[in-house]
Asks: 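Take this structure first; my questions come after.
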Amino acid sequence: MPHVAKSLLFLVLIAAGLHVDANRSGSSSLQHRGTGQATVMAPKLLCLMYHRFVDQAAFERLSKEQQAYAITPGRFDDHLRILKAAGRNVVALSDAIAFAKGERDLKRDSVLITIDDGCESALTIAAPLLKKHDMTATLFVTTDPNAYVFGCESGRCSDPRMSRKQLQAWCEMGFDVGSHGVTHRPLNLLSDSELMAELIESKRNLESLTGREIKALAVPRGKLDNRVQRTARGSGYEAVLTSERGKVEPGADLLGLARWNVSGRWSNTKFRSVITH
Ligand SMILES: [Zn+2]
C-alpha cells in the first residue's frame, strides 16, 4: 500500500475510534449529569402486618374478607424466603423506632414484621418459621383474652388468643411485643377516659408480663386520629403504627408509622412487588 494511502487509513481509524469514545462519554455524562455521580437511594423501612396463621383447609373455608387477614404456613414460609432472597434486613422493633427517629442508620432496605391481635397461631405456626429463617417479629397484643378479634364467631374463636404463659414463651424466643389495646375497639370512637384506660392498662399489663418497657402501640382496625396520637404520647408510647400503606424514612411521624397489611390472597409475585418497590 502506498505511504499516503496508509496514512489516510490510519487517520480514518483514529477518527472512528474517537467517535466511539465520544459516544460512550456522552451517554455516561447523561447518566451522571448534575451530581457527577449515580444517584444512590437512601434505605427505607417497610413494615408488614400479619394477623392469623391457618392451615390450607381452614384458609379455604374463610370468606374473601377474612382471607385478607389470614395466611397459610406455606405462604408465610414463602414470604420469609422471598425477603431473604431480596436481601431484605428484618429488624427488631427498637431498631425500627431508632431508624424512624434518625438515630440509627440501616445499611440497606429493611423490613419490620408485625403480627396483630396475639392469637395462638403466632406462637405455634409463625414463630417456628421465623426461627427457621433466623428472623424476628413484633407481636401487638390485645390484652383482654375475651376481646373480639377477627376469626371469632358466637363467642368461639377458631384461633384462640395466647395465654400469659404463651406470651412469655414468645418473649423468651427473643421476639418483641407491643400493645394492641385492651378490647380491640376502635380507639377513635372511645371517650377520653375509655381511651386512656385502653392505652395505660394494656401497657402496664404487658410490662408486668414481659418485664420490658412497652414502647409501641398498633391501633386496632387502623383507627387513628390526633386525639389518639396525643393520648398515646401522653401515656408513654414512643411509636404508633397504623394500617396506612407506605414506607418509613428517617424523620417520619413516630405517631403514625405506615404498615402494609399482607393478605393471604396475594400471589408470591404480588408480595415480591410490594417489598421491592
Ligand atoms: Zn387487630
Side-chain angles (χ1 to χ4, degrees), residues 47-54 58-59 62-72 76 79 93 96 112-127 130 137-164 166-167 170 175-190 194-195 197-203 205-206 209-210 214-225 228-229 231-232 235 237 239-246 255-266:
C47 301
L48 300 176
M49 171 173 55
Y50 294 87
H51 292 79
R52 303 163 57 209
F53 303 84
V54 297
F59 184 81
L62 296 175
S63 67
K64 284 185 178 177
E65 189 195 3
Q66 289 174 325
Q67 287 178 344
Y69 299 96
I71 193 164
T72 63
F76 186 58
H79 288 185
L93 177 64
L112 176 73
I113 297 175
T114 69
I115 304 171
D116 277 10
D117 300 334
C119 294
E120 258 184 19
S121 61
L123 181 69
T124 57
I125 297 176
L130 289 160
T138 302
L139 188 72
F140 286 96
V141 180
T142 296
T143 53
D144 179 351
N146 298 313
Y148 173 84
V149 295
F150 222 45
C152 297
E153 277 163 343
S154 309
R156 293 194 59 199
C157 295
S158 55
D159 187 354
R161 315 279 298 297
M162 278 192 211
S163 65
R164 291 179 73 81
Q166 287 173 317
L167 275 172
W170 168 269
F175 300 130
D176 292 319
V177 169
S179 167
H180 197 42
V182 177
T183 63
H184 207 258
R185 289 179 293 173
L187 298 176
N188 61 326
L189 301 182
L190 303 181
E194 287 174 325
L195 172 59
E198 286 270 342
L199 299 186
I200 292 177
E201 191 182 322
S202 60
K203 190 174 193 296
N205 188 326
L206 291 169
L209 179 74
T210 63
I214 299 298
K215 295 181 177 176
L217 165 78
V219 286
R221 306 174 202 204
K223 302 295 185 185
L224 182 66
D225 60 19
V228 173
Q229 289 177 310
T231 312
S235 304
Y237 291 97
V240 177
L241 290 86
T242 71
S243 307
E244 292 287 323
R245 291 177 171 181
L255 299 178
L257 296 177
R259 282 194 302 173
W260 278 73
N261 178 59
V262 181
S263 168
R265 294 173 57 77
W266 285 359

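Scope of the values below: all heavy atoms of this structure, side chains included, with no hydrogens, waters or symmetry mates. Numbering of ligands and ligand atoms starts at 1, following listing order.
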Asks: Could you tell me whether the side chains of Asn188 and Arg221 share a donor-acceptor contact shorter than 3.5 Å?
Replies: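 No, no side-chain donor-acceptor contact under 3.5 Å.
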Asks: Just wondering, more than 12 heavy atoms not from Glu244 lying within 6.0 Å of its CD?
Replies: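 Atom CD in Glu244 is not packed in, count stays at 12 or less.
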Asks: Counting only pairs under 3.5 Å, give me each side-chain donor-acceptor contact of residues 258-265, with atom names and distances, residues two or more places apart or in other chains.
Replies:
residue, atom, partner, partner atom, Å
Arg259, NE, Thr242, O, 2.9
Arg259, NH1, Thr114, OG1, 2.9
Arg259, NH1, Asp116, OD1, 2.9
Arg259, NH2, Asp116, OD2, 3.0
Asn261, OD1, His51, ND1, 3.4
Asn261, ND2, Ala68, O, 3.0
Ser263, OG, Arg265, N, 3.0
Arg265, NH1, Gln67, OE1, 2.8

Asks: Around the Zn ion (ligand 1), how many protein N/O/S atoms fall inside 2.8 Å?
Replies: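 Those protein atoms number 3 in total.
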Asks: Just to verify, what does Thr183 make a side chain to side chain donor-acceptor pair (under 3.5 Å) with, not counting sequence neighbours?
Replies: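 Once residues adjacent in sequence are excluded, the partners of Thr183 under the side chain to side chain donor-acceptor pair (under 3.5 Å) criterion are Arg185, Glu198.
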Asks: What residues, two or more places apart in sequence or in another chain, satisfy ring pair (Phe, Tyr, Trp, His ring centres under 6.0 Å) together with Phe59?
Replies: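 With neighbours one apart ignored, the set is empty.
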Asks: With under 30° as parallel and over 60° as perpendicular, where do the rings of Trp170 and Phe175 fit, or are they tilted in between?
Replies: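 Geometry flag for Phe175 against Trp170: tilted rings.
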